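Some notes on the structure that comes next.
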There are 2 protein chains.
Amino acid sequence: MEEPRKRSRPGRAPAPAGRTSRPRQAEVARLAGVSQATVSLVLGARKQGVTISEETRQKVLDAVRDLGYVPDPAASRLAAARNNLLGVFSFTSTFPTDVQHSYYPFLVGVEQEAAARGYDLVLFTGSSTGGAGAAGPNALNRVRLADGCLFLGRHAPAGELLRLVADGFPVVHLGRRDELEGLAWVGADYISASQEVVAHLAALGHRRIVLVREDDEAPASTDREHGFLKGLEEAGLPGGPATVFRSADPERDLTAERLRGWLDEGVTAFVAEETDTGDAWRALHGAAHFVGIDCPRDASLALLGSPPPDLADGPVPTGFDVPRPQLGAAAVRMLAALVAGEEATEPLVACAFRPGSTAGPAPVHP
Amino acid sequence: MEEPRKRSRPGRAPAPAGRTSRPRQAEVARLAGVSQATVSLVLGARKQGVTISEETRQKVLDAVRDLGYVPDPAASRLAAARNNLLGVFSFTSTFPTDVQHSYYPFLVGVEQEAAARGYDLVLFTGSSTGGAGAAGPNALNRVRLADGCLFLGRHAPAGELLRLVADGFPVVHLGRRDELEGLAWVGADYISASQEVVAHLAALGHRRIVLVREDDEAPASTDREHGFLKGLEEAGLPGGPATVFRSADPERDLTAERLRGWLDEGVTAFVAEETDTGDAWRALHGAAHFVGIDCPRDASLALLGSPPPDLADGPVPTGFDVPRPQLGAAAVRMLAALVAGEEATEPLVACAFRPGSTAGPAPVHP
DNA sequence: GCGCATTACTAATACGCATTAGTGATCCGG
DNA sequence: CCGGATCACTAATGCGTATTAGTAATGCGC
């Protein structure tokens, strides 16, 4: 048989030359005259029952100082079975050249909340997927190296997302996505916010209000319409499809004639939804200006969201702000909950009403 | 006595409830009908002698795909391997509320270059906030989880940085930092760029040029002065301390009288350095405006950098642009080189000359 | 057809730390 | 003064991966 000599250790290559190896807990333990486990106990946040005498504690801490010991995060995280890493995946590049197109405002909240909870962030770039990551149908797999992952934008392929969810991997989508069964998400409460804007207009005396929206089926759009109609109903105002103007190209279809027609019919307030392009608001704003409306004297305007950058210099529109940093923070909270195996937290984040200066009392009609 | 049942395993807390754990190499191995070691061999970059049959290789790769296996970064690191993660650490929050103060332009380049090389980025958070991420003297230590780390801003504590370097951990500082022995950095070549601006002015016929700078010792400042003086010398113009106006508070000290004095002495061009606050340029710009100088007819102005945001709407200053995205990319290139055990790459990145509209031919003197 | 190479794997670690069962001591009540 | 409780620690193990020694199977030369 084999004689019991010590195996010439497999498992490790010699340490890279020239690299002064840092002290380990074992060295600290030797210097302090205790066991490695004791060192770990002293250094680790006190868990439960374990008690360490003050004397031992000091010996260990002294040794730690003398040797300049610092823990190896890889080992800690491996042993603790959690990496303290949250993924952030955006299908487009996280830092596009043009900051206007970035998720920056969300990331502000994401970073803050993650930091507050002791998580670091891993940024995955789905767009490139060059180098190591396979671009194939499994491009999303790489996110599994984190404890959970946040998805930004509506371009993440549904199939892969659901696969992750089905595997029990914690996933949170920033932006409503409830067509995907089981996918956790956080989103802004456009319904309540839109309703509130209508209530504001109604309180100012407006009886006939029209919503201008683009022609898509995104939840963000239908929610706003929903809230708009709910607001009308609450205020006891006439609702129905006639109060909603829907167009695939508002800048072309929202003509001066149409606007004058509405005014003649007694409409005194107009509400536009916010979209990627900002076209609805731009069209409304443009037509009102063209017709020569003195806003808010002749009529009131409101915007269900924030104005596009090119109109940022104009008067502040009455409406609401999407609290992007708070959305980011809420997403991290939910993700952290899922990672911890808890229930998902509240998905809806309230929008802040913005008084603005484009809405005023309804003009007294002759 | 106890019957020989399996020890109720110490060493591990039960996995968080309800969480199906990610697949490991062991699961892949079982599915493929091979050993864990084989999986590791197939996935790892082919080392030496080991050979794997194409058939086995495929079985393993199929199993990897089916299970969505991704290596655990902590385990990889612990086993002395790479994990394709580059750290990004900024002492201040990476995404401050005000995008103006962010490292965004650098990150554009960092992300691109990292993606191109197959690295993902880990954003180490909690630098500013006192979150769970520990503020202690070892706040920087967690970056060791990554293969290397990029540091932004000049607030990273020197001691800890040097400790990382001394331990052989790949570190690159974005921004010159050569007072720290052994620290690799990348920075903009302010010397050449400043020299070029002076050359441009000299070519326009200016014979007397004054530099306005703030009163600090940052390399970015001294480099600009150095390049300025070098430019004068090259052009055969009078140099010396008289051509440099140095003030801790330029807006107060750079008075209209002083400016008139210079003009009377025959100075026809003024150069300001760029600083965090932009005060030098603001003072110069303000005084020139106050004195009623028609720029560039009466005198030329130049800015060694970019104007502060509040002056972004004014005329484009002649000077140079700091190529922030390229700096980010260069930093990643250097970091990747260090991780691969190669020599550091070129640390200096050239700035782009910006013609602008504030410099013109020197006025003909009576 | 026997030794020696080569091929294609697997077994057995080691990495550094966290956790928990176990083990002497010491204390305490009755 | 004995059994149990408490205290203060240590031993043993596992986390998931990389590496290397070992091995069975096959090929090959002479």
Side-chain angles (χ1 to χ4, degrees), chain A residues 2 5-16 21-30 32-57 59-60 64 69-83 144-145, chain B residues 2 5-16 21-30 32-57 59-60 64 69-84 141 144-145:
Chain A
E2 276 286 66
R5 69 170 172 85
K6 186 173 181 299
R7 266 184 81 98
S8 63
R9 59 197 197 93
R12 247 351 258 305
S21 95
R22 310 180 283 129
R24 319 289 168 204
Q25 285 188 349
E27 272 103 279
V28 174
R30 205 176 311 133
V34 299
S35 72
Q36 175 266 321
T38 302
V39 175
S40 178
L41 288 174
V42 169
L43 294 181
R46 53 173 83 285
K47 277 299 156 193
Q48 51 225 33
V50 261
T51 52
I52 302 284
S53 72
E54 191 51 35
E55 187 193 339
T56 302
R57 165 177 225 77
K59 277 192 304 187
V60 169
V64 163
Y69 167 83
V70 291
D72 181 330
S76 303
R77 293 175 181 208
L78 179 57
R82 57 192 330 233
N83 283 319
R144 297 175 111 113
L145 108 194
Chain B
E2 276 286 67
R5 68 173 172 84
K6 188 175 181 297
R7 261 184 81 99
S8 62
R9 59 202 194 89
R12 247 349 259 307
S21 61
R22 311 180 351 237
R24 345 254 147 194
Q25 286 189 350
E27 270 104 280
V28 174
R30 205 175 312 135
V34 300
S35 72
Q36 175 268 321
T38 302
V39 175
S40 179
L41 287 174
V42 168
L43 295 180
R46 54 175 86 283
K47 277 301 153 191
Q48 50 227 32
V50 260
T51 50
I52 301 284
S53 72
E54 191 50 35
E55 187 193 338
T56 301
R57 165 178 225 77
K59 276 191 305 186
V60 169
V64 163
Y69 168 82
V70 171
D72 182 315
S76 298
R77 281 295 284 173
L78 183 57
R82 309 271 168 74
N83 57 18
N84 269 314
N141 198 46
R144 292 180 195 265
L145 177 66

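In this text, all values refer to a predicted model and were calculated from it rather than measured experimentally. So you know, we letter chains A, B, ... as the sequences are listed, proteins then strands, and number each from 1.
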> Which part of the nucleic acid does B:T38 contact within heavy-atom distance under 4.0 Å: base, sugar-phosphate only, or nothing?
Replying inline: base
> Picking from C:dA8, C:dT10, D:dA18, which would you name as closest to the side chain of B:T51?
Replying inline: C:dA8
>> If I take atom CG in residue B:D72 and atom P in nucleotide C:dG16, what distance separates them, rounded to the nearest angstrom?
In response: 17 Å
> So do B:V28 and B:Q36 actually touch side chain to side chain, heavy atoms under 4.5 Å?
Replying inline: no
> Can you tell me how far C1' of C:dC9 sits from CG of B:L41, to the nearest Å?
Replying inline: 9 Å
>> In the structure I gave you, are the side-chain heavy atoms of B:Q25 and B:Y69 within less than 4.5 Å of one another anywhere?
In response: yes
> Rounded to the nearest 0.5 Å, how far does OG1 of A:T38 lie from CZ of A:R57?
Replying inline: 11.5 Å
>> Using whole Å, what does the distance between atom C1' of nucleotide C:dA14 and atom CG of B:L78 come to?
In response: 9 Å
>> Using five pairs at each end of the helix from C:dG1-D:dC30 to C:dG30-D:dC1 to define an axis, what is the angle between those two axes, to 10°?
In response: 50°
>> If I take atom CZ in residue B:R77 and atom C1' in nucleotide C:dC15, what distance separates them, rounded to the nearest angstrom?
In response: 12 Å
> What is the distance from atom CG of B:N141 to atom OG of A:S76, rounded to the nearest 0.5 Å?
Replying inline: 8.5 Å
> What pair of heavy atoms forms the shortest contact from B:P71 to A:L145, and how long is it?
Replying inline: O-CB, 4.0 Å
>> From CG of B:L43 over to P of D:dA18, roughly how many Å is that when rounded to an integer?
In response: 8 Å
> Base, sugar-phosphate, or nothing: which does B:S40 touch, judged by heavy atoms less than 4.0 Å apart?
Replying inline: base
> For A:I52 and C:dA18, what is the distance between atoms CD1 and P respectively, to the nearest whole Å?
Replying inline: 13 Å
> Does the side chain of A:R24 reach to within under 4.5 Å of the side chain of A:R30, using non-hydrogen atoms?
Replying inline: no
>> Tell me the interatomic distance from A:R22, atom CZ, to C:dC17, atom C1', rounded to whole angstroms.
In response: 12 Å
>> Which nucleotide wins on minimum distance to the side chain of B:S35, given the candidates C:dT10, C:dG16, D:dA8?
In response: C:dT10
>> Any donor-acceptor pair, under 3.5 Å, between the side chain of A:Q36 and the base of C:dA18, if you only look at N and O atoms?
In response: yes
>> Just the rounded figure in Å: distance from P of C:dC15 to CZ of B:R144.
In response: 17 Å
>> If you compare all heavy atoms of B:R77 against all heavy atoms of B:N83, which two are closest, and at what distance to 0.1 Å?
In response: CG-ND2, 3.0 Å
>> What's A:V39 touching, base or sugar-phosphate or nothing? Going by heavy atoms closer than 4.0 Å.
In response: nothing
>> Using the side-chain heavy atoms of A:A37, tell me which of these nucleotides is nearest: D:dA11, C:dG16, D:dC9.
In response: D:dA11
